[in-house]
Engineer: 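Quick one: structure below, then a few questions.
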Amino acid sequence: MYFLYTIIASLAVFFILKWLKKRRYCTDLRRLDGKTILITGGNSGIGKETAIALAMRGARVIIACRDPDKAEKAVREIKLKSHSLNVLHMELDLANLSSVREFCKSFLQREKKLDILVNNAGMPGVLEWTDNNFSMCFGVNHLGHFLLTNLLLPRLKECAPSRVITLTCSSYKYQKLDFQDLNYNQLPFFTYCRSKLANIYFSQEVARITEGKGVTSYAVHPGFVQSGWTCHYSILFRMLVQVIMWMFFVPCEIGAQTVIYCAVSDEAAKHSGGYFIDCRPATLRPFARDAAVAKKLWEASERLVNLA
């Protein structure tokens with residue numbers, strides 16, 4: 001009898017976990033032949049799965065990564081899985097603003113088109129510092145992509161209609177920005193949450209300043225994904241989180257679906273500046289829809305990266 005109860009309980013847990021991880025797939029079959037797509041952090045996780053999916057649709061895909069060896073390995077895998085040879089990598093370190101500027105200079109010289117920019121790369125909650133003395137989360141997740149997007153924005157406008165997709169996280173709701181301490185770096189989870197909130201404000205402001213110019217912008221929460229972010233932590237922490245991720249998190253292929261949706265969907269294009277979860281628009285907390293805060297963050301970011 002106990003054996004039967006164990007079997008029933010195990011099946012119940014299995015189906016509950018399966019239901020919790022249920023997600024939508026992007027069903028839009030639109031081709032992207034002739035399009036050029038840049039994906040930061042495209043050598044692993046959601047970025048790599050996005051690169052595979054978009055390369056399969058005929059796009060020219062460029063992954064921007066810090067480690068050339070890992071990038072080259074990823075390019076081979078993306079080519080193999082997508083059956084496309086039109087995949088390459090360029091070196092980019094978002095933790096170094098000089099690297100971002102050099103990357104953009106090289107990209108604009110080599111590439112005549114940019115149709116979709118996917119700001120995918122990111123750092124989890126770590127108490128480290130960038131080469132420019134910004135907190136790692138704020139510096140990489142927000143400022144690096146802020147500078148990158150600004151320097152590439154003229155090319156995006158030239159190639160309109162074009163899209164900017166920025167990955168964020170639903171954890172934005174646990175913090176608010178403090179403009180007296182944008183470089184906050186005390187509690188790892190909180191510094192991560194603030195950077196993800198900054199991503200949302202950034203995406204909204206991109207939509208505002210490019211309105212009527214053929215560029216649309218989307219913030220995407222991909223869900224909680226079984227990616228390699230735990231590599232920044234101790235072995236014991238990784239072992240614990242791996243179990244949790246296996247139980248509750250979704251594979252990277254599933255996490256990439258909303259990114260793909262925002263890259264190809266006509267329906268998504270109607271919601272520039274929107275926040276997307278599970279291949280559909282979602283509602284943000286009221287404080288995360290404050291246009292005045294988004295504009296203030298944009299202006300502060302311009303000063304911090306010396307664009308103002």
Side-chain angles (χ1 to χ4, degrees), residues 38 40-41 64 92-108 114 116-123 128-160 162-169 172 175-185 191-220 272-275 284 287-308:
L38 173 62
T40 65
L92 168 66
D93 183 0
L94 288 162
N96 185 310
L97 296 181
S98 294
S99 172
V100 176
R101 286 187 164 86
E102 284 300 314
F103 171 86
C104 291
K105 180 180 178 181
S106 177
F107 181 90
L108 293 171
L114 178 57
I116 302 172
L117 170 61
V118 182
N119 290 322
N120 163 80
M123 289 292 293
E128 299 174 7
W129 301 91
T130 70
D131 294 341
N132 304 97
N133 294 317
F134 298 113
S135 69
M136 189 63 75
C137 277
F138 187 69
V140 172
N141 298 353
H142 173 61
L143 289 179
H145 283 122
F146 175 84
L147 179 59
L148 177 78
T149 304
N150 269 277
L151 295 178
L152 297 179
L153 202 52
R155 185 58 50 85
L156 285 161
K157 291 177 182 177
E158 291 172 8
C159 298
S162 54
R163 307 186 184 205
V164 178
I165 303 166
T166 303
L167 272 72
T168 183
C169 181
Y172 78 86
Q175 284 286 288
K176 293 183 180 180
L177 295 185
D178 178 0
F179 282 92
Q180 301 304 312
D181 188 16
L182 284 174
N183 216 21
Y184 173 89
N185 204 25
T191 191
Y192 176 77
C193 294
R194 293 187 186 197
S195 73
K196 294 291 102 179
L197 177 58
N199 289 151
I200 290 171
Y201 286 135
F202 162 74
S203 183
Q204 293 170 356
E205 193 64 7
V206 170
R208 188 189 70 81
I209 67 173
T210 60
E211 186 175 4
K213 298 176 182 176
V215 181
T216 49
S217 175
Y218 318 92
V220 170
S272 183
Y275 172 62
L284 288 162
F287 71 85
R289 304 196 300 266
D290 192 324
V293 175
K295 184 176 181 181
K296 186 176 181 179
L297 176 63
W298 186 278
E299 292 170 348
S301 300
E302 284 183 322
R303 292 191 294 273
L304 289 171
V305 301
N306 295 319
L307 279 180

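For the single chain, residues carry numbers from 1 onward in sequence order.
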Engineer: Is any side-chain heavy atom of Leu153 closer than 4.5 Å to one of Ile209?
Structural biologist: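 Yes; the side chains approach each other to less than 4.5 Å.
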
Engineer: Quick one: pull up OG1 in Thr130 and CG in Leu143 and give me the separation to the nearest 0.5 Å.
Structural biologist: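 It is 8.0 Å, given to the nearest 0.5 Å.
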
Engineer: Give a yes or no on whether the backbone of Glu128 and the side-chain of Asn185 come within a donor-acceptor separation of less than 3.5 Å.
Structural biologist: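 Here the side-chain-to-backbone pair exists.
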
Engineer: Not counting sequence neighbours, list each pair that qualifies as a side chain to side chain donor-acceptor pair (under 3.5 Å) and has a residue in residues 95-104.
Structural biologist: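 For residues 95-104, and leaving out neighbouring residues, the side chain to side chain donor-acceptor pair (under 3.5 Å) pairs sorted by first residue read Asn96-Asp131.
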
Engineer: Side chain of Asn183, backbone of Asn133: donor and acceptor closer than 3.5 Å?
Structural biologist: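 Yes, the answer is positive, given that a donor and an acceptor are paired below the 3.5 Å cut-off.
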
Engineer: Could you walk me through whether Asn119 and Val164 pass the side chain to side chain contact (heavy atoms under 4.5 Å, CB included) check?
Structural biologist: CA-CA 7 Å; Asn119 290 322; Val164 178; 3.7 Å; yes

Engineer: Could you check, using the six-membered ring where one of them is a Trp, whether Trp298 and Tyr201 have ring centers closer than 6.0 angstrom?
Structural biologist: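 Not close enough - the centres of the two rings lie 6.0 Å or further apart.
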
Engineer: State, yes or no, whether a side-chain contact exists between Leu147 and Leu307 at a heavy-atom distance under 4.5 Å.
Structural biologist: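 Counting from C-beta outward, Leu147 and Leu307 do come under 4.5 Å.
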
Engineer: Does any N or O in the side chain of Thr168 come within less than 3.5 Å of the main-chain N or O of Ile200, such that one atom is a donor and the other an acceptor?
Structural biologist: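 Flag not set: sc Thr168 to bb Ile200 has no pair under 3.5 Å.
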
Engineer: Which heavy atom of Val100 sits nearest to which heavy atom of Gly144, and what is that distance?
Structural biologist: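 Residues Val100 and Gly144, closest heavy atoms: CG1-O, 4.0 Å.
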
Engineer: Heavy-atom distance under 4.5 Å between the side chains of Leu284 and Gln204, does that happen here?
Structural biologist: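 Side-chain contact under 4.5 Å: yes.
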
Engineer: Side-chain contact test, heavy atoms from C-beta onward, threshold under 4.5 Å: evaluate it for Phe287 versus Val293 and give yes or no.
Structural biologist: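 No, every pair of side-chain atoms sits at 4.5 Å or beyond.
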
Engineer: For Ser195, enumerate each residue passing the side-chain contact (heavy atoms from CB on, under 4.5 Å) test, keeping only those at least two apart in sequence or located in another chain.
Structural biologist: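 Testing Ser195 for side-chain contact (heavy atoms from CB on, under 4.5 Å), a comparison that skips the adjacent residues, returns Cys137, Asn141, Tyr192.
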
Engineer: On a heavy-atom basis, which atom in Ala160 and which in Lys213 lie closest, and how many Å separate them?
Structural biologist: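 So the two residues come closest at CB-O, 3.7 Å.
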
Engineer: Kindly write out the residues that satisfy side-chain contact (heavy atoms from CB on, under 4.5 Å) with Lys295, not counting sequence neighbours, or none if the list is empty.
Structural biologist: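 Per chain and number, Lys295 pairs via side-chain contact (heavy atoms from CB on, under 4.5 Å) with Glu205, Arg208, Glu299.
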
Engineer: Considering all heavy atoms of both residues, which atom of Leu92 and which atom of Ala64 are nearest to each other, and what is their separation?
Structural biologist: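 Scanning both residues, the minimum pair turns out to be CD2-CB, 3.7 Å.
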
Engineer: Any non-hydrogen side-chain atom of Phe179 less than 4.5 Å from a side-chain atom of Leu297?
Structural biologist: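 Sidechains of Leu297 and Phe179: in contact.
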
Engineer: Between Thr40 (side chain) and Asn120 (backbone), is there a donor-acceptor pair under 3.5 Å?
Structural biologist: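 Pair found, side chain donor or acceptor close to backbone of Asn120.
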
Engineer: Any side-chain heavy atom of Met123 sitting closer than 4.5 Å to one from Leu94?
Structural biologist: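 They are not in contact (no side-chain heavy atoms under 4.5 Å apart), so the answer is no.
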
Engineer: Should we count CD of Glu158 as having more than 12 external heavy atoms under 6.0 Å?
Structural biologist: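 Buried by this count: over 12 neighbours within 6.0 Å.
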
Engineer: Given side chains that start at C-beta, do those of Leu114 and Phe107 come closer than 4.5 Å, heavy atoms only?
Structural biologist: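 Leu114 reaches Phe107 side chain to side chain.
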
Engineer: Quick one: pull up SG in Cys159 and CG in Leu117 and give me the separation to the nearest 0.5 Å.
Structural biologist: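 The CG atom of Leu117 is 12.0 Å from SG of Cys159, to the nearest 0.5 Å.
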
Engineer: Is any side-chain heavy atom of Thr210 less than 4.5 Å from a side-chain heavy atom of Lys157?
Structural biologist: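 Yes; the side chains approach each other to less than 4.5 Å.
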
Engineer: Using side chain to side chain contact (heavy atoms under 4.5 Å, CB included), reason through Leu97 and Asn306 one step at a time and then give a plain yes or no.
Structural biologist: CA-CA 10 Å; Leu97 296 181; Asn306 295 319; over 6 Å; no

Engineer: Quick one: CG on Asn199 to NE2 on His145, what's the gap to the nearest 0.5 Å?
Structural biologist: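 Rounded to the nearest 0.5 Å, the CG-NE2 separation comes out at 8.0 Å.
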
Engineer: As a test of understanding, state which of Tyr218, Phe202, Phe146 forms a side chain to side chain contact (heavy atoms under 4.5 Å, CB included) with Thr166.
Structural biologist: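 So, applying the side chain to side chain contact (heavy atoms under 4.5 Å, CB included) to Thr166 and each of Tyr218, Phe202, Phe146, only Phe202 qualifies.
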
Engineer: Determine yes or no for a side-chain-to-main-chain donor-acceptor pair under 3.5 angstrom, with Ser217 supplying the side chain and Gly273 the backbone.
Structural biologist: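 Here the side-chain-to-backbone pair does not exist.
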
Engineer: Can you tell me how far the CG atom of Leu304 sits from the NE2 atom of His142, to the nearest 0.5 Å?
Structural biologist: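 So the CG of Leu304 and the NE2 of His142 are separated by 8.0 Å.
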
Engineer: In Å, rounded to the nearest 0.5 Å, how long is the span from CG of Leu177 to OH of Tyr184?
Structural biologist: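 Here the rounded value is 12.5 Å.
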
Engineer: Given Leu108 and Arg155, is the side chain to side chain contact (heavy atoms under 4.5 Å, CB included) satisfied, shown in steps?
Structural biologist: CA-CA 8 Å; Leu108 293 171; Arg155 185 58 50 85; 3.8 Å; yes

